[in-house]
Amino acid sequence: MAEASSPQIHPTAIVSPKAELAAGVVIGPYTVIGDHVRIGENTVVGPSCLVQGPTTIGSGNQIYGHAAVGTDPQDLKFKGEETFLVIGDGNRIREFVTINRGTGVATSYTLVGSRNLLMTGVHIAHDCRVGDDTILANAATLAGHVEIDNCATVGAFTGIHQFCRVGTHAFIGGYSVITRDALPFMKTVGVRTEARNYGPNTIGLERKGFTSNCVRALKIAYRTLFHSGMKLKDALAQLRSSGTLTSEVEELVRFIETSERGVIR
């Protein structure tokens, strides 16, 4: 078995002796790796990047030029306490992406999962939770404490208000401003109080392998919840009592029932 290669560090890069670099890591020119940064196997950090700690980055990530990862939270409550950023495996973090650590007054952690595509200029603020297999398009901006569930897509130049959630497989149209929770499996577009839910993301779900029966069940649930004339709590109760909830409709119902900010309809 061939030995794993040692980290490759460009001569112009600055790497703290308190950083830990696994086998196969590549550090590009003029990049700075700070104290208490751990980078997993075969992760590539491009030129002129800044990675501050405490930050843990998994394996097989690609971080492009001028990204700033693990920097202090932009929060006046932050007083220099120890906080953390944890990033999973196989992410593509494009140019000028910024990801802040958590704040001590909250969970202390910002978490980014695996296999995400963070396009140029994305900002992930303190205490956010980003799941797996998401796409955040150019200049999408997450305020503090935002949660993005697995497989969601956030369009370009979209802003997500603090403490909002975006559900699994949700699709948020570009240039939106989201100030309430965006429903899973649905298309949401618009600005603040004008943001609207436009029903299941049929084409996107079919491309991801959802069956026609799954999509049909979501369409029926959507009409029951928002176009039946019933109060939302009554529509939820009707879906619950139907005895025919698919796992996707069950997740839709659970998401609505656990919303604290209210959902975009």
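Index from 1, following the sequence. Since we're looking at a predicted model, the values are computed, not measured.
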### Message
Within the 3.5 Å criterion, strictly below it, is a donor on Ser59 or Asn42 matched to an acceptor on the partner's side chain?
### Response
no
#### Entry: NE2-OG1 distance between His169 and Thr134, expressed to the nearest 0.5 angstrom
11.5 Å
### Query
Does a side-chain N-to-carboxylate-O contact under 4.0 Å join Arg180 and Glu260?
no
### Straight-line distance of Leu50 CG to Ile33 CD1, nearest 0.5 Å
8.0 Å
### Task
Indicate yes or no: does Arg38 engage Glu20 in a salt bridge with an N to O separation below 4.0 Å.
yes
#### Entry: NZ/NE/NH1/NH2 to OD/OE distance under 4.0 Å, Arg101 and Asp72
yes
### Task
Mind jotting down which residue pairs meet the ring-ring contact (aromatic ring centres under 6.0 Å, His included) criterion with at least one end in residues 114-144? Sequence neighbours excluded, please.
His126-His145
### Task
Would you tell me whether Asp127 and Thr110 have side-chain atoms, one donor and one acceptor, within less than 3.5 Å of each other?
no
### Task
Please check if Ile99 and Ile148 belong to a single hydrophobic cluster, counting links between Ile, Leu, Val, Met, Phe, Trp and Tyr side chain heavy atoms closer than 4.5 Å.
yes
### Message
How long is the straight-line distance from CD1 of Ile57 back to CD1 of Ile87, given to the nearest 0.5 Å?
### Response
4.5 Å
### Query
Under the 4.5 Å side-chain heavy-atom rule for ILVMFWY, direct or indirect, which residues accompany Ile256?
Leu183, Phe185, Met186, Leu205, Phe210, Val215, Leu218, Tyr222, Leu225, Phe226, Leu232, Leu236, Leu239, Leu245, Val249, Leu252, Val253, Phe255, Val263
### Message
Going by side chain to side chain donor-acceptor pair (under 3.5 Å), name the residues that satisfy it together with Glu248, two or more places apart in sequence or in a different chain.
### Response
Thr246
### Query
Just checking, any donor-acceptor pair under 3.5 angstrom between side chains of Thr103 and Asp75?
no
## Note on the structure
One should read off an interatomic distance between Leu117 CG and Arg92 CZ, to the nearest 0.5 angstrom, of 5.0 Å
### Task
Kindly say whether Asn100 contributes a backbone atom to a donor-acceptor pair with the side chain of Thr71 at under 3.5 angstrom?
no
### Task
Give the C-alpha distance, both sets of side-chain angles, the deciding distance and a yes or no for salt bridge (charged side-chain N to carboxylate O under 4.0 Å, His left out) between Arg254 and Glu251.
CA-CA 5 Å; Arg254 183 205 64 81; Glu251 171 60 20; 2.8 Å; yes
### Message
Looking only at the side chains, is there a donor atom on one of Asn61 and Asn91 sitting less than 3.5 Å from an acceptor on the other?
### Response
yes
### Query
Just checking, is any N or O donor in the side chain of Asn150 or Thr168 under 3.5 Å from an acceptor N or O on the other one?
no
### Message
Ignoring hydrogens and geometry beyond distance, is a side-chain donor-acceptor pair present between Glu95 and Thr120 at under 3.5 Å?
### Response
yes
### Carboxylate-amine/guanidinium proximity below 4.0 Å for Asp181 and Arg261
no
